[in-house]
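What you see is a predicted model, and the numbers here were worked out from it, not measured in a lab.
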Amino acid sequence: MQSYIKGVEGENAATNYLIDKNYNILKRNFRCSSGEVDIIVYKDGVIAFVEVKTWDALDSFDLSYSINRKKQKRIINATKVFLRDYKGKYTSVRFDVLLIKEDKTVYEYYIDT
């Protein structure tokens with residue numbers, strides 16, 4: 001349960017960070033039968049599918065490495081479902097990773113990974 005709470009708090013911190021950077025939050029915790037995405041944002045014609053990782057003990061290499069092929073596939077599958085149903089206008093799509101420290105500060109933000 002504690003890891004769930006840490007994850008929710010990390011996603012809240014990530015959402016606040018993205019709002020501060022002028023992103024529009026389209027959806028949080030988008031889930032479908034084939035996958036999930038933590039946060040979906042929109043800015044300047046671009047939809048970004050953001051995976052959030054909250055840890056303190058690992059460095060950025062370990063955190064970004066934790067998004068393995070299986071996790072990537074689940075994100076891509078959810079992205080396809082969201083885009084199929086999304087009726088907004090966008091010019092491109094990208095995948096981002098936002099790493100949050102356990103104290104809820106942004107560790108690193110990888111754009112278009």
Distance in Å, Arg84 CZ paired with Cys32 SG, rounded so as to fall on 0.5 Å steps: 8.0 Å
When rounded to the nearest 0.5 angstrom, what is the spacing between OH in Tyr42 and CG in Leu18? 15.5 Å
Pairwise side-chain contact, Glu11 with Asn29, heavy-atom cut-off 4.5 Å (strictly under): yes
Within the structure provided, determine whether Tyr110 and Leu99 are in side-chain contact (heavy-atom separation under 4.5 Å). yes
Examine distances only and state if a side-chain atom of Asp96 and a backbone atom of Asp112 form a donor-acceptor pair shorter than 3.5 Å. yes
Would you say the side chain of Leu98 lies within less than 4.5 Å of the side chain of Glu51, judging by non-hydrogen atoms? no
Minimum heavy-atom separation for Ile100 and Ala13, please, with both atom names. CG2-CB, 4.3 Å
Would Val50 and Val97 count as a side-chain contact (heavy atoms from CB on, under 4.5 Å) if you check the C-alpha gap in whole Å, the side-chain angles of each, and the deciding distance to 0.1 Å? CA-CA 5 Å; Val50 183; Val97 177; over 6 Å; no
Atom pair CZ/CD1 of Arg94 and Ile111 - distance to nearest 0.5 Å: 5.0 Å
Would a single hydrophobic cluster contain both Val46 and Ile25, if residues Ile, Leu, Val, Met, Phe, Trp and Tyr are joined by side-chain heavy-atom contacts under 4.5 Å? no
Lys21 atom NZ, over 12 foreign heavy atoms within 6.0 Å: no
4.5 Å side-chain heavy-atom contact, Ile67 and Lys53: yes
Nearest 0.5 Å, please: how far is NZ in Lys87 from CG in Asp85? 6.0 Å
Counting distance only, does the side-chain N/O of Asp38 pair as donor-acceptor with the main-chain N or O of Val52 below 3.5 Å? yes
Report the distance from atom CZ of Phe49 to atom CZ of Phe82, rounding to the nearest 0.5 Å. 5.5 Å
I need the minimum non-hydrogen distance between Ala78 and Gly35, along with the two atoms involved. CB-C, 3.6 Å
Check: Thr91 and Asp44 side chains under 4.5 Å, non-hydrogen atoms: no
Shortest non-hydrogen pair, Gly10 vs Thr54, comes out as CA-OG1, 3.3 Å
Those residues that, when tested against Tyr17, pass ring pair (Phe, Tyr, Trp, His ring centres under 6.0 Å) (two or more places apart): Tyr109
In this structure, are over 12 heavy atoms from other groups packed under 6.0 Å from Lys73 atom NZ? no
Between Asn12 and Arg28, is there a side-chain heavy-atom distance shorter than 4.5 Å? yes
Classify the angle between the aromatic ring planes of Tyr90 and Tyr86 as parallel (below 30°), tilted (30 to 60°) or perpendicular (above 60°). tilted
Common cluster, Val37/Val81, ILVMFWY with side-chain heavy-atom separation under 4.5 Å: yes
With a 4.5 Å limit on heavy-atom distance, are the side chains of Leu26 and Val41 in contact? no
Value for CD1 (Ile19) from CG (Asn24), rounded to nearest 0.5 Å, stands at 9.0 Å
Could you check if a side-chain atom of Phe95 sits within less than 4.5 angstrom of a side-chain atom of Thr79, using non-hydrogen atoms only? yes
